[in-house]
Number of protein chains: 2
Amino acid sequence: MAGSKAASRRADAQAAATTGEARKEEDRYVECRVVLDVLDRIGDKWTVMVVGALSEGPVRFNAMMRLIEGVSHRMLTLTLRGLERDGLVKRTAYPTIPPKVEYELTVLGHSLIEPLRSLSRWAMQNRAVIEQARQEFDAGSGREGP
Amino acid sequence: MAGSKAASRRADAQAAATTGEARKEEDRYVECRVVLDVLDRIGDKWTVMVVGALSEGPVRFNAMMRLIEGVSHRMLTLTLRGLERDGLVKRTAYPTIPPKVEYELTVLGHSLIEPLRSLSRWAMQNRAVIEQARQEFDAGSGREGP
DNA sequence: CTGTATCCTCCACGATACTG
DNA sequence: CAGTATCGTGGAGGATACAG
């Protein structure tokens, strides 16, 4: 059957752009790409912590440094740059001495919190089940015969 | 204010376990850990694709290999192991010749799709805004004076 | 205080080959 | 067909030093 291979999806969809089938294929393809794109950003450990830290208001650079505990100077900078680039975080520099820079979530940034909470809820609800599954798996792997 | 540093949260919460303040602190700490734990699993590129591939029914190993396009033999195995270990995927081996192994989402695995869709929706709704933000950022960085 | 650049380490992942 | 083991490498991320 044509179109079963991901590599050919775009071509297939283009060749038969009017078909409902092809549109569905193409939609799934695009959706996957987009989700992956988002996950590349927010699936990152530090990004989650930064968003969490900013969720209740503006925070200064050094404050976050202390708040997040374990993040390196470099990674915090990079993470904030990434978020700023994507329009999720607003950076405000006050030209004082010493310099003072505040970071805060944009409207877009805040809107991300909701779906993130969705994941959070799932995680909290199922952490016990998962933990148990892990233990059973680790116990069962290696001795299933005599 | 005591407890502002993440490193001391556990100790603080323990020391004043009955305080509402401390409980809130501790809750946030645990929630963060748990979300990070989940993200370590599902934030991964291949994991998302695997869950997607399995979302509509059981699939055999080689079928996924072809379905996912780009995943290596090794990574697919590792990803599936991880998901199986966490109880998100069920592995069924038929002792035929040649061997036939089917993977499918467990109930727990299916329940993950919902929050994943939540993210997906967000991503689809805001991809244009994000893309524009990126272009503006990339354009603005480097020439903001003359 | 905030930001950038440099070096260096380590491990995640792909390629490959072998077994059941 | 499915799974495991081994090796080689690119790049992510920490440490550090310096600049504005």
Side-chain angles (χ1 to χ4, degrees), chain A residues 6-7 36-37 39-50 53-54 58-85 89-104 137-138 140-145, chain B residues 6-7 36-37 39-50 53-54 58-85 89-104 137-138 140-145:
Chain A
L36 252 38
D37 192 52
L39 247 53
D40 261 3
R41 172 85 29 229
I42 67 97
D44 170 50
K45 174 183 179 182
W46 299 128
T47 299
V48 177
M49 309 223 55
V50 166
L54 292 176
V59 183
R60 293 184 52 176
F61 187 89
N62 259 15
M64 292 195 73
M65 200 78 179
R66 271 174 272 110
L67 214 59
I68 290 187
E69 177 80 13
V71 69
S72 68
H73 192 155
R74 185 174 169 273
M75 284 317 292
L76 184 54
T77 306
L78 288 181
T79 302
L80 286 168
R81 282 291 164 280
L83 287 170
E84 189 190 356
R85 188 174 108 98
V89 159
K90 169 84 177 301
R91 175 180 179 277
T92 314
Y94 301 92
T96 60
I97 293 182
K100 169 181 168 179
V101 180
E102 272 190 350
Y103 290 93
E104 61 187 318
F137 185 88
D138 291 345
S141 281
R143 49 100 168 150
E144 49 190 68
Chain B
L36 253 36
D37 192 51
L39 248 52
D40 261 1
R41 171 85 32 227
I42 66 100
D44 171 49
K45 175 183 180 182
W46 298 128
T47 299
V48 176
M49 309 223 54
V50 166
L54 292 177
V59 183
R60 292 183 53 175
F61 187 89
N62 261 14
M64 291 194 71
M65 200 81 180
R66 270 174 273 111
L67 213 62
I68 291 187
E69 177 80 11
V71 70
S72 68
H73 192 154
R74 184 172 170 275
M75 283 317 290
L76 184 53
T77 306
L78 289 181
T79 303
L80 286 168
R81 282 289 163 283
L83 287 170
E84 190 191 354
R85 189 173 107 99
V89 160
K90 169 83 175 301
R91 177 180 177 276
T92 315
Y94 300 92
T96 60
I97 293 182
K100 170 180 168 182
V101 180
E102 273 191 350
Y103 290 92
E104 61 186 319
F137 186 89
D138 292 346
S141 280
R143 49 102 170 148
E144 49 191 69

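Each chain gets a letter, A, B and so on, in the order its sequence line appears, and its residues count up from 1.
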Discussion item. What is the first contacted nucleotide of DNA chain D and what is the last, in 5' to 3' order, if contact means an atom lying under 4.0 angstrom from a heavy atom of chain A?
Written reply: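 Listed 5' to 3', the contact boundaries are D/dG13 to D/dG20.
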Discussion item. For B/W46, run the side-chain contact (heavy atoms from CB on, under 4.5 Å) check against B/L76, B/T79, B/L83 and tell me which one passes.
Written reply: B/T79
Item to complete: Please name the residue in the list A/R91, A/H73, A/K100 that meets the side-chain contact (heavy atoms from CB on, under 4.5 Å) test with A/F61.
Response: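 Single side-chain contact (heavy atoms from CB on, under 4.5 Å) partner of A/F61 among A/R91, A/H73, A/K100: A/H73.
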Discussion item. Side chain to side chain contact (heavy atoms under 4.5 Å, CB included), that's the test. Do A/Y94 and A/E102 meet it? Break it down for me.
Written reply: CA-CA 8 Å; A/Y94 301 92; A/E102 272 190 350; 3.6 Å; yes
Could you give the distance from [atom1] ([X]) to [atom2] ([Y]), rounded to the nearest 0.5 Å?
{"X": "A/M64", "Y": "A/Y103", "atom1": "CE", "atom2": "OH", "result": "9.0 Å"}
{"X": "B/L67", "Y": "B/E69", "atom1": "CG", "atom2": "CD", "result": "9.5 Å"}
{"X": "B/D40", "Y": "A/K45", "atom1": "CG", "atom2": "NZ", "result": "8.0 Å"}
{"X": "B/L39", "Y": "B/D44", "atom1": "CG", "atom2": "CG", "result": "10.5 Å"}

Fill in: Which residue lies more 5' along DNA chain D, comparing A/D44 with A/H73 via nearest heavy atoms
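Nearest-nucleotide comparison on DNA chain D picks A/D44.
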Discussion item. Here's a test of your reading of the structure: between B/R74 and B/A63, which maps to the more 5' nucleotide of DNA chain D?
Written reply: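 Between the two, 5'-proximity favours B/A63.
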Practice prompt. Name every residue in residues 89-98 of chain B that has at least one heavy atom under 4.0 Å from any atom of DNA chain C, in order of residue number, or write none if there are no such residues.
Written response: none
Worksheet item: Nearest-Å distance, CE (A/M75) to C1' (C/dG3)?
Response: 15 Å
Worksheet item: Rounding to a whole Å, what distance do you find between B/L78:CG and C/dG14:P?
Response: 10 Å
Worksheet item: Is the closest side-chain heavy-atom distance between A/M49 and A/V71 below 4.5 Å?
Response: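 With C-beta onward as the side chain, the pair stays apart.
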Worksheet item: In terms of side-chain heavy atoms of A/P99, which of C/dC13, C/dT2, C/dG3 is nearest?
Response: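 Selected nucleotide: C/dT2.
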